[in-house]
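Everything on this sheet refers to the single structure shown next.
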Amino acid sequence: MRFVDFIRQQGYKRYTGTVSSSVYAYFRCENPGRAQWWFKPGSFQCAGCKAQCETDSPEGFQTFLTQDATDA
């Protein structure tokens, strides 16, 4: 099974927001252009290379307003 298929089964959705260069620096990513970030509440997972970096910190990831937040 491919890793992307596995994380989809775990409930991850493709993350389409902007990722700060500080995230790539933290993981010492050699090729940020290959990054493929996935998200589920409480976790960001990269499937761009064999390192499969993961973090629970939202720092460096663009946040989105949801409809619930705009109703307040």
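None of the values given here were measured: they were computed from a predicted structure.
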Over 12 non-hydrogen atoms of neighbours within 6.0 angstrom of CZ in F6:
no
Less than 4.5 Å apart, side chain to side chain, heavy atoms only: is that true for E59 and Y26?
no
Shortest non-hydrogen separation from A47 to I7 and the atoms involved
CB-CD1, 4.3 Å
Please check this pair: side chain of K40 against backbone of Q10, looking for a donor-acceptor N/O pair closer than 3.5 Å.
yes
Mind checking the SG-CZ spacing from C53 to R28? Nearest 0.5 Å is all I need.
11.0 Å
Hey, are the side chains of Y12 and S43 touching, using non-hydrogen atoms and a 4.5 Å cut-off?
yes
Parallel, tilted or perpendicular, as decided by the 30° and 60° cut-offs, for the rings of Y15 and F44
perpendicular
I need the W37 CH2 to T55 OG1 distance, nearest 0.5 Å.
7.0 Å
First locate atom CZ of F61, then atom OG of S22, and finally report the distance between them rounded to the nearest 0.5 Å.
8.5 Å
Assess the residue pair F3 and Q45 against the criterion (side-chain contact (heavy atoms from CB on, under 4.5 Å)); give the C-alpha distance rounded to whole Å, side-chain angles, the decisive distance to 0.1 Å, and a yes or no.
CA-CA 11 Å; F3 183 65; Q45 174 77 54; 3.5 Å; yes
Any idea which heavy atoms bring W38 and R8 closest together, and the distance?
CH2-NE, 3.4 Å
Kindly say whether V19 contributes a backbone atom to a donor-acceptor pair with the side chain of Q62 at under 3.5 angstrom?
no
